[in-house]
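Everything on this sheet refers to the single structure shown next.
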Amino acid sequence: MDRKLLLEHIGVEGIHTHDVYRKNGGYKAVEKALKSMSPDDVVEEVKKSGLRGRGGAGFPTGMKWSFIAKPEGVPRHLLCNADESEPGTFKDRYLMEKIPHLLIEGMILSSYALGCNQSYIYIRGEYMFVLQILEKAIAEAYANGWLGKNIKGSGFDLDLAVSTGAGAYICGEETALIESLEGKRGNPRIKPPFPAVKGLWDRPTVVNNVETIAAVVPIVNDGGGAYAQIGLGRSTGTKLISASGNVNNPGVYEITLGLSVEEFIYSDQYLGGIKNGKKLKACVPGGSSVPILPHYLVCKTATGEDRLMTYESLSEGGFATGSMLGSGGFIVYDEDQCIVRNTWNFTRFYHHESCGQCSPCREGTGWMEKVLHRLEYGHGKMEDIDLLWDIQRKIEGNTICPLGDAAAWPVAAAIRHFREEFEWHVKEPKLCMTKNYGLVTEKTFETVNG
Amino acid sequence: MSQENIQFPEPLLQEVARQIAKFPEGKQKSSLLSVLHLAQAHFGYLSEPVMDYVARLLHILPIEVYEVATFYSMYDIKPVGKVKLEVCRTGPCMIEGAEKIVAYIENKLGIKDGETTPDGLFTLKTVECLGACGYAPMLQAGEKFHEHLTEAKVDELIEQYRKNPIANYLGLENYGS
Ligand SMILES: Cc1cc2nc3c(=O)[nH]c(=O)nc-3n(C[C@H](O)[C@H](O)[C@H](O)COP(=O)(O)O)c2cc1C
Ligand code: SF4
Ligand code: FES
């Protein structure tokens with residue numbers, strides 16, 4: 001059975017309002033922390049919980065918090081990353097739309113722990129309707145004394161505001177987010193210095209994902225130890241998974257980490273299986289940037305173990321036979337989908353979103369897009385497949401920020417697992433045009449399955 | 001647009017002040033992206049005189065505004081239709097039929113991706129993942145998301161926007177203009 005730590009009250013009528021949220025136990029964690037815990041106690045509980053960043057990289061949150069520099073007299077800032085632009089990912093939107101006070105409560109707790117008095121939520125510009133929900137909720141929180149000066153007589157002050165992006169995936173990268181919040185282009189910064197030392201306006205800064213910050217609420221309420229009991233091994237707690245693609249029940253799910261992938265895809269409680277009775281062809285388990293898994297590596301690892309929804313199990317086998325939990329953007333492909341077309345589509349995305357600072361990323365994503373387009377539209381040559389492999393290898397690890405890697409990995413994985421499908425596109429170019437791609441991939445599916 | 005017409009009405013000036021007040025003294029440049037959204041909403045697109053006006057409002061250099069306006073995909077530095085239909089074309093939407101939706105709109109309105117209808121009412125634009133992948137295919141018009149699109153739904157939408165062309169601006173009710 002899944003524990004619901006974030007979405008427990010999601011079905012309650014009016015839960016987006018302060019009063020209903022409060023009646024359902026809201027802001028109890030803030031009361032508890034401000035009354036009976038020091039900021040370091042909160043950091044300690046988060047460390048104990050084993051919580052790992054939910055934005056994609058999975059870095060332990062408590063450890064990240066303990067790195068923040070504390071020079072005398074310099075303000076520090078907590079920034080909530082609500083840029084959510086990784087294709088396949090729409091969980092943060094769900095949380096903010098449905099239960100905005102959970103994020104606000106998490107922001108108060110986390111700001112208290114870090115000693116920040118002015119915190120921001122940076123939200124992608126396309127989520128303007130969500131921004132308005134958040135601003136209403138923040139106004140309610142001020143009116144009820146949870147934000148502002150001397151919160152509930154504790155002596156702790158906090159101002160919280162939402163600021164907006166304007167359509168740029170790269171602004172989800174933490175240093176690009178900081179640049180953007182300073183009113184500039186979203187060009188990632190060279191690290192070091194890390195944001196923990198020099199971030200927003202050169203002040204010590206922590207950037208955390210929406211879901212990470214929300215998870216601090218149950219951690220403070222029940223204790224880090226209790227949180228660590230949930231989940232499996234080093235994948236503690238629950239995770240929001242946003243599922244899309246060819247499944248019967250796409251949407252956002254809060255799962256307990258450790259659930260089997262098979263149960264997640266096929267159980268009626270979750271995705272309810274592949275749509276229209278078709279077969280599973282492939283799955284991208286953690287957002288467009290993570291390696292795609294062919295059907296035989298989705299529910300089982302290469303060694304025949306059950307694949308589980310944990311950081312460890314999804315990456316079992318490394319990139320040779322594994323993938324990553326990433327942002328939890330779970331995309332499912334049925335037997336009719338074309339891997340070449342999908343890879344071309346994602347590569348076009350990365351080319352479009354490259355900020356252009358590093359040549360391997362700026363040029364490499366464009367070349368890959370061209371080569372993939374050629375292959376998909378029937379003008380490809382066999383050498384193009386090796387050329388693609390070569391380009392992606394030269395991008396990976398050679399750029400300022402991880403967008404370069406994020407663009408390279410999906411291409412590498414597609415070639416690694418579906419090379420025959422690429423070759424088939426060269427051999428039967430006529431069938432690879434858009435209109436025929438359903439037909440093509442059915443054949444290819446048989447090829448792939450031998 | 002002549003230079004002297006470029007002026008926010010009082011409620012929008014108040015909104016600009018509210019955006020600036022979110023940041024510490026001297027960090028007003030941080031509100032630039034928000035103020036550009038307001039400017040685009042009010043003036044239709046970000047012409048050079050509009051960008052210069054924003055620079056004056058925030059006490060920054062015009063180049064600082066141009067840099068930003070040309071970087072982010074939501075800003076239009078050329079005129080667009082009253083209603084922008086922004087269809088998501090990324091992977092999860094594509095496998096649920098986004099390409100068919102784009103082709104359908106192109107046919108129906110007689111314009112291609114990136115173009116505006118001669119009456120200046122609709123602009124069609126394909127965009128990257130908008131965070132609605134589980135409810136695909138989808139499009140954004142103004143600040144509204146329209147999900148689970150079908151051809152019939154597109155017909156309905158276009159009809160509705162023909163009768164009542166919502167402008168492209170965002171969060172208007174809050175700005176009271
Ligand atoms: C290109 C790129 C895009 C990213 N987009 C997001 C995003 O939309 N949301 C997010 O939380 N993290 C995103 N990240 C990860 C952030 O850089 C950062 O690691 C994260 O916000 C840290 O929060 P966490 O530790 O709570 O996960 C992105 C990273 C890269 C390289
Ligand atoms: S890797 Fe790409 S997105 Fe990242 S800084 Fe370099 S050019 Fe910009
Ligand atoms: S792919 Fe279209 S909304 Fe995500």
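Residue numbers begin at 1 in each chain, while the letters A, B, ... track the order of the sequences. Since the structure is predicted, the reported quantities are computational estimates derived from the model, not experimental observations. The analysis underlying the following values was restricted to heavy atoms, covering all of them including side chains, and did not include hydrogens, waters or symmetry mates.
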For A:R185, is it the side chain, the backbone, both, or neither that has a heavy atom closer than 4.5 Å to a heavy atom of chain B?
both

Side chain from CB out, backbone as N, CA, C, O: work out which of these in A:Y127 comes under 4.5 Å of a heavy atom of chain B, or both, or neither.
side chain

Closest heavy-atom contact between B:Y72 and A:G186?
OH-N, 3.3 Å

With a 4.5 angstrom heavy-atom cut-off, is it the side chain or the backbone of A:E126 that approaches chain B, or both, or neither?
both

Go through the atoms of B:A132 and report whether side chain, backbone, both or neither lie under 4.5 Å from a heavy atom of chain A.
both

Exceeds 12 heavy-atom contacts within 6.0 angstrom, atom NZ of B:K144
no

Tell me, side chain or backbone of B:F23 under 4.5 Å from chain A's heavy atoms, or both, or neither?
both

What distance separates A:I331 CD1 from B:I95 CD1, expressed to the nearest 0.5 Å?
7.5 Å

A:Y169 versus chain B, the contacting section by heavy-atom distance below 4.5 Å
neither

Main-chain N/O of A:G165 paired with B:H37 side-chain donor or acceptor, under 3.5 Å:
yes

Region of A:T343 that comes under 4.5 Å of a non-hydrogen atom in chain B:
neither

Relative to each other, are the rings of A:F90 and B:Y135 parallel, tilted or perpendicular (30° and 60° limits)?
perpendicular

Approximate separation, where rounding is to 0.5 Å, of B:T126 OG1 and A:H352 NE2:
8.0 Å

What part of B:E67 lies closer than 4.5 angstrom to a heavy atom of chain A: side chain, backbone, both or neither?
both

Side chain, backbone, both or neither: which part of A:V332 has a non-hydrogen atom closer than 4.5 Å to chain B?
backbone

Can you tell me if A:N345 uses its side chain to pair, donor with acceptor, with the backbone of B:T90 under 3.5 Å?
no

Please give me the minimum heavy-atom distance between A:P87 and B:C129, naming the atom from each residue.
CA-SG, 3.6 Å

Give a yes or no on whether B:E10 atom CD has more than 12 heavy-atom contacts from other residues, nucleotides or ligands under 6.0 Å away.
yes

Is the side chain of A:N342 donor-acceptor paired with the backbone N or O of B:P92 at a distance under 3.5 Å, no angle test?
no

Distance in Å, A:N246 CG paired with B:E96 CD, rounded so as to fall on 0.5 Å steps
5.5 Å

Apply side-chain contact (heavy atoms from CB on, under 4.5 Å) to A:M128 and B:Q140, showing your working.
CA-CA 11 Å; A:M128 202 59 80; B:Q140 176 163 34; 5.9 Å; no

Turns out that what part of A:K91 lies under 4.5 Å from chain B's heavy atoms comes down to neither

Enter the distance from B:E143:CD to A:F129:CZ here, rounded to the nearest 0.5 Å.
8.5 Å

Need one label for A:T164: side chain, backbone, both or neither, based on atoms under 4.5 Å from any heavy atom in chain B.
both

Under 4.5 Å from a heavy atom of chain B, the part of A:L200 involved:
neither

Between B:V65, B:L32, B:V127, B:L130, who has the most heavy-atom pairs with chain A when the cutoff is under 4.5 Å?
B:L130

Between A:G88, A:C171, A:A168, which residue shows the highest count of heavy-atom pairs closer than 4.5 Å to chain B?
A:G88

Side chain, backbone, both or neither: which part of A:F346 has an atom under 4.5 Å from a heavy atom of chain B?
side chain

So how far is it from A:S163 OG to B:K22 NZ, rounded to the nearest 0.5 Å?
6.0 Å

Going from CD1 on A:I178 to OG on B:S30, what distance comes out if it is rounded to the nearest 0.5 angstrom?
11.5 Å

Note: A:G167 and B:M74 closest approach over all heavy atoms is N-SD, 3.7 Å

Under 3.5 Å, side chain of B:K27 to main-chain N/O of A:E182, donor-acceptor pair present?
no

Do B:E64 and A:K184 have side-chain heavy atoms sitting under 4.5 Å apart?
no

Side chains of B:F145 and A:V130: does their closest heavy-atom pair fall under 4.5 Å?
no

